[in-house]
2 protein chains.
Amino acid sequence: MKAAPEREVDRSVSQTVKAQLALRDQILSGSLRPGERISELQAVETTGASRTPVRMALVRLEEEGLLEAIPSGGFMVKAFSERDIADSIELRGTLEGLAARFAAERGVSARELEPLKECLAAIDELLRQVPISIEAFSSYVALNARFHALLTELSRSPPLVRQIDRASALPFASPSGFVMAQSALPEAQQILIIGQEHHRVVIDAIENREGARAEAVMREHARLAVRNLRLALRNRTHLDLLPALALIKTATD
Amino acid sequence: MKAAPEREVDRSVSQTVKAQLALRDQILSGSLRPGERISELQAVETTGASRTPVRMALVRLEEEGLLEAIPSGGFMVKAFSERDIADSIELRGTLEGLAARFAAERGVSARELEPLKECLAAIDELLRQVPISIEAFSSYVALNARFHALLTELSRSPPLVRQIDRASALPFASPSGFVMAQSALPEAQQILIIGQEHHRVVIDAIENREGARAEAVMREHARLAVRNLRLALRNRTHLDLLPALALIKTATD
DNA sequence: TGTATGCGTTATGTATACATTAGCGGGAGA
DNA sequence: TCTCCCGCTAATGTATACATAACGCATACA
């Protein structure tokens with residue numbers, strides 16, 4: 001590899017993955033503004049990888065939905081309207097509803113539900129704090145993500161799991177920043193408590209093999225998240241806490 | 001570009017796109033068997049592009065869901081069970097249901113509905129033939145795809161449109177082969193007629209801004225397609241007409 | 001002064017060379 | 001004869017060189 005002596009190469013992960021992570025981070029952190037053209041050369045410098053892995057990373061990020069190909073060549077950071085993100089959340093909720101229905105209809109053993117119930121209990125524990133601390137919020141975010149991932153898996157449908165993963169890019173673009181901003185709002189904790197109730201109901205519905213009810217509650221769960229988003233956006237004073245919202249173009253619909 | 005004199009390069013489309021189309025064709029036509037490792041060098045030979053565009057194409061096809069990355073490196077053709085494909089169809093129908101609901105709720109002008117009604121009329125014309133010819137079936141496939149695409153667009157939700165596109169990879173992997181096989185079945189035309197009725201209902205529901213009804217009928221439409229798939233699979237004698245089903249692994253669930 | 005054209009620079013698309021790793025086969029020793 | 005280890009080969013990951021196309025700027029002409 002001709003070993004350019006001055007450049008230290010990290011061999012623990014592939015250059016492609018490294019570049020992808022670095023670029024995604026730049027996008028989500030707002031270093032790269034929506035609509036901004038992303039220069040390969042510049043990306044090569046900031047990521048430390050060479051052009052080939054950088055290009056692979058760009059293609060992956062395009063497929064992921066964070067970048068958009070420019071017809072004349074190259075890529076730009078995609079810009080989203082507030083409604084785009086709201087739609088993405090509802091979209092994801094719809095798919096999760098399908099997953100919950102599949103889980104209920106196809107049947108799930110008590111053993112498989114155990115980790116979900118553990119998540120539930122852990123979240124209960126966190127929500128007991130009033131008001132909840134920032135640290136507890138971070139834990140909540142992780143647990144919530146875990147709960148949703150586990151629930152998705154219960155569908156036993158690899159294509160659905162895959163699709164939900166893809167649909168999560170936007171809604172969960174930067175969940176920590178998202179929820180931390182929410183924590184600054186008085187209504188935040190109430191919303192989390194309602195969300196937790198949804199979690200409880202969906203488990204119950206799956207246990208009792210009530211597919212329609214399981215599906216309905218997950219869709220309601222998503223609508224709650226949309227209300228949550230709009231609430232956060234109406235409180236623009238907290239927006240500096242929202243790196244995820246760097247994705248929202250200034251002129252929204 | 002050093003212009004290797006013996007290799008004729010087609011400059012009308014990018015090498016990356018050319019490679020992607022060629023490889024997808026090889027996968028869907030069954031030249032590459034599910035589970036088979038796909039060799040870059042071999043792909044370079046068959047597509048005529050060099051390794052860089054071929055690799056970009058492979059990454060795109062992986063994101064598209066037709067290929068799977070091998071941990072140790074490289075890609076293999078993904079294998080699907082019958083249930084995977086059925087789930088993909090239902091998944092797509094669920095998203096289309098959401099699109100139909102969005103269209104109904106957000107309102108659609110008569111002008112926007114016109115092309116859909118034209119599709120409808122054209123399909124009606126085709127279905128008047130009993131039994132329907134293979135050529136008419138081909139036209140039907142194109143018109144049906146157009147109808148679904150137009151309907152999706154009515155949602156006015158770019159993220160949803162995008163997601164539906166992605167979700168269509170498997171269900172519509174090779175629609176022509178699919179439907180032509182159906183045409184060999186006596187029940188085929190009846191199914192198409194029911195499907196057309198669904199199309200009519202969804203338009204009506206959108207016109208009358210009945211979101212729930214619009215959504216419900218699209219989901220029913222997908223369930224019809226699943227029944228259709230199962231019907232085709234039960235008639236294994238026609239399977240040689242189904243290149244799309246090359247994707248189904250032999251040992252299904 | 002404004003517009004159009006041409007040239008130059010820069011960035012992307014493509015090709016290929018190089019490095020590394022994984023997989024496989026052969027040989028040797030127990 | 002079986003197993004383990006070493007080395008080779010082939011294919012992937014990475015880097016970079018080259019060609020081309022696009023964009024911008026400057027200049028000239030209307």
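Order of the sequence lines sets the chain letters (A, B, ...), proteins ahead of strands, with each chain counted from 1. Remember, predicted model here, so these are calculated numbers, not experimental data.
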Ring pair (Phe, Tyr, Trp, His ring centres under 6.0 Å) partners for A/Phe147, two or more places apart: A/His199

Residues that B/Arg106 engages under side-chain contact (heavy atoms from CB on, under 4.5 Å), provided they are two or more places apart: A/Arg83, A/Asp87, B/Phe102, B/Ser157

A/Thr16 side chain near D/dG13 phosphate (N/O to OP1/OP2, under 4.0 Å): no

Distance test, side-chain N/O of A/Ser50 to OP1/OP2 of D/dA15, below 4.0 Å: yes

Donor-acceptor contact present, side-chain A/Asp84 to main-chain A/Ser81, <3.5 Å: yes

Under the salt bridge (charged side-chain N to carboxylate O under 4.0 Å, His left out) test, residues paired with B/Glu40 that sit two or more places apart: B/Arg51, B/Arg55

d(CE, A/Met76; C1', C/dT12) in whole Å: 17 Å

d(CD, A/Glu45; P, D/dT16) in whole Å: 13 Å

Quiz item: A/Ser14 side-chain donor-acceptor pair to D/dT14 base, under 3.5 Å: no

Distances for protein N or O near nucleotides 7-12 of chain D N or O, under 3.5 Å:
unit_1, atom_1, unit_2, atom_2, d
D/dT12, OP1, B/Glu40, N, 3.4

Partner residues of A/Arg60 under the side-chain hydrogen bond (donor to acceptor under 3.5 Å, both in side chains) criterion, sequence neighbours left out: B/Glu62, B/Glu63

B/Glu114: partners by side-chain contact (heavy atoms from CB on, under 4.5 Å), with sequence neighbours left out: B/Glu118

